Amino acid sequence: MTITKVNVRNQVISKPNARLLAESITIQYDHRVISKNLSIEIPEGSFTVIIGPNACGKSTLLRALSNLLKPSEGQVLLDGKNIHSYKSKEVAKKLGLLPQSSTAPEGITVANLVAHGRYPHQNLIRQWTEADELAVINAMELTNTLELSNRFVDELSGGQRQRVWVAMVLAQQTPLLLLDEPTTYLDIAHQIELLELFKDLNEQGNTLIAVLHDLNQAARYATHLIAMKNGKVIAQGKPCEIVTEQLIEEVYGLKCMVIEDPVTHTPLIVPLGRAGINEN
Amino acid sequence: MQRINFGRKYLQLNGPLKMRLDVRNATITAIFLAVIVAISVFALMVGSLKLSIDEVFSALFGQTSGFKRTIVVNWRLPRVIVAIIFGAGLAVSGSIFQSITKNPLGSPDVIGFSSGSYTGVLFVLLVLGSNSFSSVAIGSLIGGFATALIIYLLAFQGGTHGFRLIIVGIAMSTILGSINSMLLLQSKTEVALSAAAWGVGSLNGIDWEHGLPAVFLVIVFLLLAVVMNRPLREMELGEDTAKSHGVRINRTQGLLIIIAVSLTASATAVMGPVTFVALAAPQIALRFTKTTGSFAPTAVIGSFLLLGADVLAQRIIPGTILPVGVVTLSIGGLYLVWLLFRQARTAS
């Protein structure tokens, strides 16, 4: 009898409770409304991927979730509190962000750039400690950038540079990681390498939220998928449950076939294009 | 032991201040400090009455009294100290603006704050007809800040745009230049002459009474700049990254602009607009240290430039003491042309 009770209680607790959620937020730039009355929960421990056509508001949502943009209505809750009510450094200890674009200062070396990720943990008299050093080493090991540590960031290849920026976010040691189109501008091999890294990080207990352009990569790596269109969430859930030919047509206006990925058994989207339509 | 190869040498400090000391930056700072001390001693020795090193030191440390002590401590020393502190202040001011605008042209002398200070001074001297030191200083500060505010309002619309700030600043600088000429042309010749002399920028006749308040102000703002250095360096990574690291962008940028304008305006209030130091010192420091990140090398290079230019201005034509502004303007003009050419070439 007692066992059943515990089980019941466990079920209640293990319901996807979210550390990060948006409560009926309206996001706008100046007077242009991007999303109205949008609510979303990021399941704890998930690798959540947001997909949708260009200008559907997915990056804007990510900016709101990471406190870069304040919703004009509603609120973003981080651990049950309005994210805006935290001290900015407190947010930075819980939530790391890899933005779409960053600039490396002139002449900075890889290790020094990664060290910038420690900023939220430092102050004027405690600028560099043992803990910072360990975090930087750990982040560079995870991203395979340790052997690049003394190189100048300007002289790295695109793939290497992106791994360095990821290392910087990892050095921040936050349980939540937000990634805005992390694979853009990388070749396919580097894209997969980076996504595998994110998968590992997720399996180690981090919650990841990424905006991705490639549908098949999203369907393969996401544990939770959010499909957006015109600032609204059209569908969310496990990729194998929600990715259908109807959904892709509704979201992208693209006719396609959804088959099983022979390697990972996740949904694989094959666009029909003109050829496919003529055949039918 | 250093477990991470940063590509640079660091010395880990584990005292009450826990930080990595950049060995190259520290060495360069120390070398320039030594050079500054040497120039200072030279500046205390030379003049219409030449003194030996021994005489200078015994005057400084109180073993000599009388006329020689008066010359060294009351006449020559204030000029040297003012040059060192103001040079550092101008250089750090330039470094802050160049970092905010992400452009080596973004310096207070290029983007019009010095012209604005001059307009404030001319207004006090020519329109209000006052020539007391405090009213001139206040005029300079108000002129500088008003210019900064106007440029800020025109250039910062929904975020920082470095290049827009520079374009608006150069335009403001030109407009203020014509206003300054107009003010000068409409005044009586004698008043206009003394006002025009202020406009060149000079340390001639500086004494403790007039120099000390501004020296004190510049030191305070230099310390504030050191406090704000870390968030400034985060902002060099881009606004989104800085914000995601917990930097409050608007507050940080606002404070930094106030600090930078105050540094320039305090120095300008006393010696008039002196160009080149704010523009060049951060760039020279970058060449030497091969990194941004610390104000110390920039500050000592600024001190070196202003002190060196002032000594040169006093000695270059025998029997004549040039205003230091003439020397920095000549060197600075060439440097600015070179910089513009280089930027135009990389842009195309």
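Naming: A, B, ... by sequence-line order, numbering from 1 per chain. On a predicted model such as this, the values are computed, not experimentally measured, just so you know.
Of the listed residues (B/S99, B/P231, B/G15, B/A242), the greatest number of heavy-atom pairs within a distance under 4.5 Å of chain A belongs to B/P231. Note: A/A92 leads A/A92, A/A115, A/S101 in heavy-atom pairs under 4.5 Å with chain B. For chain B, the option among A/E130, A/H121, A/M140, A/E90 with the highest count of heavy-atom pairs below 4.5 Å is A/E130. If you tally non-hydrogen atom pairs under 4.5 Å between each of A/N112, A/T109, A/L146 and chain B, the highest count goes to A/N112. When A/R126, A/H116, A/K89 are compared by the number of non-hydrogen pairs under 4.5 Å with chain B, A/H116 comes out ahead. Across B/M19, B/R233, B/K290, B/K18, the residue that shares the most heavy-atom pairs under 4.5 angstrom with chain A is B/K18. Comparing B/G293, B/G238, B/S244 by how many heavy-atom pairs each has under 4.5 Å with chain A, the most go to B/S244. Chain B forms the most heavy-atom pairs under 4.5 Å with one residue out of A/Q122, A/R118, A/R151, A/K93, and that residue is A/Q122.
Checking A/T103 against B/E236 by side-chain atom types alone, no donor-acceptor pair falls below 3.5 Å. Side chains of B/T264 and B/S93: a donor-acceptor N/O pair is present below 3.5 angstrom, by distance only.
Geometric assessment of B/R20 against the ring of B/F6 yields a positive cation-pi assignment under the 6.0 Å and 45° thresholds. Annotation: cation-pi geometry not satisfied between B/R248 and A/Y86 (NZ/CZ under 6.0 angstrom from ring centroid, within 45° of ring axis).
A/L134 touches chain B through its side chain: at least one heavy atom from C-beta onward sits under 4.5 Å away, while N, CA, C and O do not. Heavy-atom distances place the backbone of A/N67, and not its side chain, under 4.5 Å from chain B. Looking at A/R63, the atoms closer than 4.5 Å to chain B (heavy atoms on both sides) all sit in the side chain, from C-beta outward. Of the atoms belonging to A/Q100, not a single heavy atom falls under 4.5 Å from chain B. Using a 4.5 Å cut-off between heavy atoms, A/S102 touches chain B through backbone and side chain atoms alike. Only the side chain of A/L113 comes within less than 4.5 Å of a heavy atom of chain B; its backbone N, CA, C and O stay farther away.
Looking at B/K243, its side chain does come within 3.5 Å of a backbone N or O of A/L68 through a donor-acceptor pair.
From A/D180, atom CG reaches atom CG of A/L98 across 8.0 Å, with rounding to the nearest 0.5 Å.
A/K36 and A/E73 are not joined by a salt bridge, as no carboxylate oxygen comes within less than 4.0 angstrom of a charged side-chain nitrogen.
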With side chain to side chain donor-acceptor pair (under 3.5 Å) as the test, would you mind laying out the steps for B/T291 and B/T289 before giving the verdict? CA-CA 5 Å; B/T291 181; B/T289 62; 5.8 Å; no
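Classification of the B/H245-A/Y119 ring pair by plane angle, with boundaries at 30° and 60°, yields parallel.
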